[in-house]
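Remarks on the structure that follows.
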Amino acid sequence: MASYLYRLGRLSFRKRRCFALVWVVLLAACAFLAATAPAAEDDGFSMPGTESQKAFDLLDDRFPGGTSEGADARIVFAAPDGQKVTAGDHRAAVDRVVDEVAAGAQVKEAQSPFAEDAVSEDGSTAYATVTYDVPSEELAEGTSEALLDAVQDGRDAGLTVEVGGSAVDGGPELGGITELIGIGVAALVLLITFRAVVAAGLPLITALVGLGAGVCAIIAAGMSTTTITLALMLGLAVGIDYALFIVSRYRSERAEGQTAEEAVGRAVGTAGSAVVFAGATVVIALAGLSVAGVPMLTDMGLAAAGTVVIAVLVALTLLPALLGFFPRAVLPRAQRRTVRAPADVAAMESAGSRWARFVVRRPLAALLLGVVGLGVVAVPALDLQLTLPGDEAQPTSTTQRRAYDALADGFGPGFNGPLTVAIDTRQADDAKAVVAQARKTLAATDGVVEVSPAMFNKAGDTAVVTAMPSTGPAATATKDLVRTLRAEGGQLEADTGAAMLVTGQTAMNIDVSNKVTAALLPYLAVVVGLAIVLLMVVFRSILVPLKAALGFLLSVAAAFGVIVAVFQWGWLAGLLGVAQTGPVMSMMPIFLIGVVFGLAMDYEVFLVTRIREAYVRGEQPTRAIVTGFRHSARVVVAAAVIMIAVFAGFIGMTDSMIKMLGLGLAAAVLFDAFVVRMTIVPAALALLGHAAWWLPRRLGRVLPDLDIEGEQLSHREADPAIPPQPRAVQGVK
């Protein structure tokens, strides 16, 4: 591996203009394809294999054309305190708003609350339902503006008017001012680390090239824009980090007196090998998200994995080419005049070795302190509650959230989460009698406050009714109610032959949570198992991969503790802009586990590779730890700070899942890099000693020796496939 990448690095250096041109052409081609690609079709959220999805499919089949694929909006009217919307002036204002919306372009129908009996019992609240001819992504800007203008007219008349629904839901957030701040912090960290503007700029440039190509490829492939967010997070973070490690190794090789071309080859052969395997662990973790069986989760994982692959390719080919254009400019100012490492750089590197010596002198105390500390932070995770929230998780500053609250106040908390019950009577003798029995059973169930009249399809063999819960969509009692209704459906089928299926958005959310939760253990087994095998190949050890996996579990548990403390318990919620506390989004655990595992293995590979490199070259275990830290600690710390800055940038976004993912990833990187990898890892290696690198002979013969440390490079003869190069290349030694 190292020899192959060594040759690739030297080739990229010599043919730098060709490699740079190829990447420019690839980026332009991806951008062109993305710009000309048709808009991705929104297939909606689906969950194969669940009762909710079976019911949705049944209704689509038995009620053709009965479900609208167009956008919708629900306009909520609330009268001032002590007044009613049915009063003369207020009623007239409501009718004017509905008529104004109905006259707008692309509107299919606007139903008045007074014609549809959509007024609360106390008369304080009413709602109007609006449907459109086209999906939300095809709504014209003027259509949305007309809706909001009509809402404002109702407010001007003295009513409180809010609106929810897909017609006013914005698309996925792709960035924000806080993310720009994160990139700025990354640039500052790179500048402090390298003390050279060009060295700091190259990782940013290559990361942005890889990110641009990855995002454009996602759009060109017709994938939904909802898949882009995770790709943005990881593509930017790993793109910067991978380039950071290679540039740092290049500078080290130059400081040891290597020519520019030789230094590039060695940097790509050694640090590039670590990049390949680190990227592979991230890709494994992301592709493994498909284990959950959630199509949206699978698409997001595959899109992000593709972006990471591009980031690895950029680091191995484009970065060496750019180093060929700036072979001296990336070096510290003092090093540009001499091949020796300047004193200030040596002093900065000694900070890592001093820390390593401190840990290896007290390995047991450091290990216990790190493990106990992360365990304390992880305690809130024991109270982890999962759900898939809707508008109730939106900030109170949004009209969607205010509409949700107004409906809950006027019609009860369960109004925002009605349960749709589909009754298939094809196998029943008397369809109407069975449906009547089902409605009676539903109405008698504790937790159901209202059951709508049944609506039959044209064939008369399928009916649909709506059951209104007494509790909100995210409440535990609602989950219990769905479970109870499905048990009653099983009994109904046993008695009559008719199938009663519970669906609707609330039931679908519950099914998603249950399915994702059930997939966690298989996902962990697959991803961790594959990664342990991969790390065994990398380090040729059994205990080092197991230690890496255990350290990851500590990091992710502590990250869950932070998420629960902030988003469930409300600690620092105001400071972080969390408008609503409650259960954690159900897809968050599997997202966090997948991403954090990949990133944790990144740091493991980059740090321990240098330690093993020193050990393989004959140093004693504790001395090898100190040597490895001297070469890699500062760069690993810089990489971690950059990742934390990038992920923390997403905390400023309004979308609750993105905010939660940003906080969780930032916390996980903080714990994993500074507590696990920088403290627990050297302590554990010091305690294990030579045993850390033990590998049974029989297993050693089976596992390939990929020479990720580049041992062969240090003993190699001149490669006959590469013609001898002059010691100076374009005036560069």
Side-chain angles (χ1 to χ4, degrees), residues 42 63 65-171 390-391 394 396-412 415-416 418 420 450 452-453 455 466 468 505:
D42 185 7
F63 291 83
T67 57
S68 173
E69 296 182 356
D72 65 87
R74 179 177 281 175
I75 307 174
V76 184
F77 304 89
D81 291 342
Q83 301 183 34
K84 297 184 178 182
V85 292
T86 53
D89 292 344
H90 296 328
R91 182 174 185 132
V94 171
D95 288 336
R96 284 197 303 271
V97 171
V98 175
D99 292 342
E100 185 177 347
V101 172
Q106 299 180 300
V107 176
K108 181 178 181 180
E109 184 180 13
Q111 299 175 341
S112 170
F114 307 114
E116 297 295 324
D117 193 24
V119 182
S120 62
E121 289 186 6
D122 61 3
S124 64
T125 310
Y127 66 90
T129 302
V130 184
T131 55
Y132 293 86
D133 293 322
V134 296
S136 57
E137 62 270 15
E138 297 180 16
L139 285 178
E141 185 176 347
T143 301
S144 300
E145 291 178 353
L147 174 62
L148 297 178
D149 289 344
V151 167
Q152 187 58 48
D153 291 342
R155 293 169 179 165
D156 294 340
L159 295 171
T160 298
V161 188
E162 306 296 346
V163 59
S166 61
V168 292
D169 286 341
D391 284 343
Q394 296 276 1
T396 53
S397 59
T398 62
T399 186
Q400 298 98 313
R401 169 63 187 278
R402 293 195 296 268
Y404 178 96
D405 291 340
L407 289 171
D409 292 340
F411 296 90
F415 184 84
N416 287 297
T420 302
E450 182 182 350
S452 71
M455 181 177 67
T466 299
M468 193 73 65
Q505 191 59 53

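What you are looking at is a predicted structure, and each value in this text was computed from that prediction instead of being measured. We use all heavy atoms of the structure for the numbers below, so side chains are in, but hydrogens, waters and symmetry mates are not.
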Exercise. Is a donor on one side and an acceptor on the other found under 3.5 Å between the side chain of Thr399 and the backbone of Val163?
Worked result: yes
Seminar exercise, completed: Sorted by chain and residue number, the side-chain hydrogen bond (donor to acceptor under 3.5 Å, both in side chains) partners of Glu450 (sequence neighbours excluded) come out as none
Atom pairs and distances, donor-acceptor, side-chain atoms in residues 72-93, under 3.5 Å, two or more places apart:
{"from": "Asp72", "atom 1": "OD2", "to": "Ser166", "atom 2": "OG", "distance (Å)": "3.3"}
{"from": "Gln83", "atom 1": "OE1", "to": "His90", "atom 2": "NE2", "distance (Å)": "2.7"}

Seminar exercise, completed: Scanning both residues in full, the closest heavy-atom pair of Ala110 with Val107 reads N-CG1, 4.5 Å
Exercise. For Ala146, what residues pass the side-chain contact (heavy atoms from CB on, under 4.5 Å) criterion, not counting sequence neighbours?
Worked result: none
Problem set entry | Contacts of type side-chain hydrogen bond (donor to acceptor under 3.5 Å, both in side chains), residue Arg402, not counting sequence neighbours | Glu162
Exercise. Between Ala150 and Val97, what is the shortest heavy-atom contact and its length?
Worked result: O-CG2, 3.5 Å
Problem set entry | Heavy atoms from other residues, nucleotides or ligands near CG of Asp156 exceed 12 (cutoff 6.0 Å) | yes
For this session: Hey, could you give me the CD/OG1 distance between Glu109 and Thr129, rounded to the nearest 0.5 Å?
Result: 9.0 Å
Exercise. Do Thr125 and Asp409 come within less than 4.5 Å of each other through their side chains, counting heavy atoms only?
Worked result: no
Problem set entry | Pairwise distance CD(Glu121) to CZ(Phe411) - rounded to 0.5 angstrom | 9.5 Å
Exercise. Taking only residues two or more places apart in sequence or in another chain, which ones pass side-chain hydrogen bond (donor to acceptor under 3.5 Å, both in side chains) with Thr160?
Worked result: none
Problem set entry | For Gln106, all residues meeting side-chain hydrogen bond (donor to acceptor under 3.5 Å, both in side chains), sequence neighbours excluded | Thr143
Problem set entry | Flag side-chain contact, heavy atom, 4.5 Å: Glu100 against Asp153 | yes
Problem set entry | Val161 to Gly154 - nearest heavy-atom pair and separation | CG2-C, 3.7 Å
For this session: Check Pro113 against Val98 and note the closest heavy-atom contact, atom names and distance.
Result: CD-CG2, 4.2 Å
For this session: Report the distance from atom CG of Asp149 to atom OG of Ser144, rounding to the nearest 0.5 Å.
Result: 10.5 Å
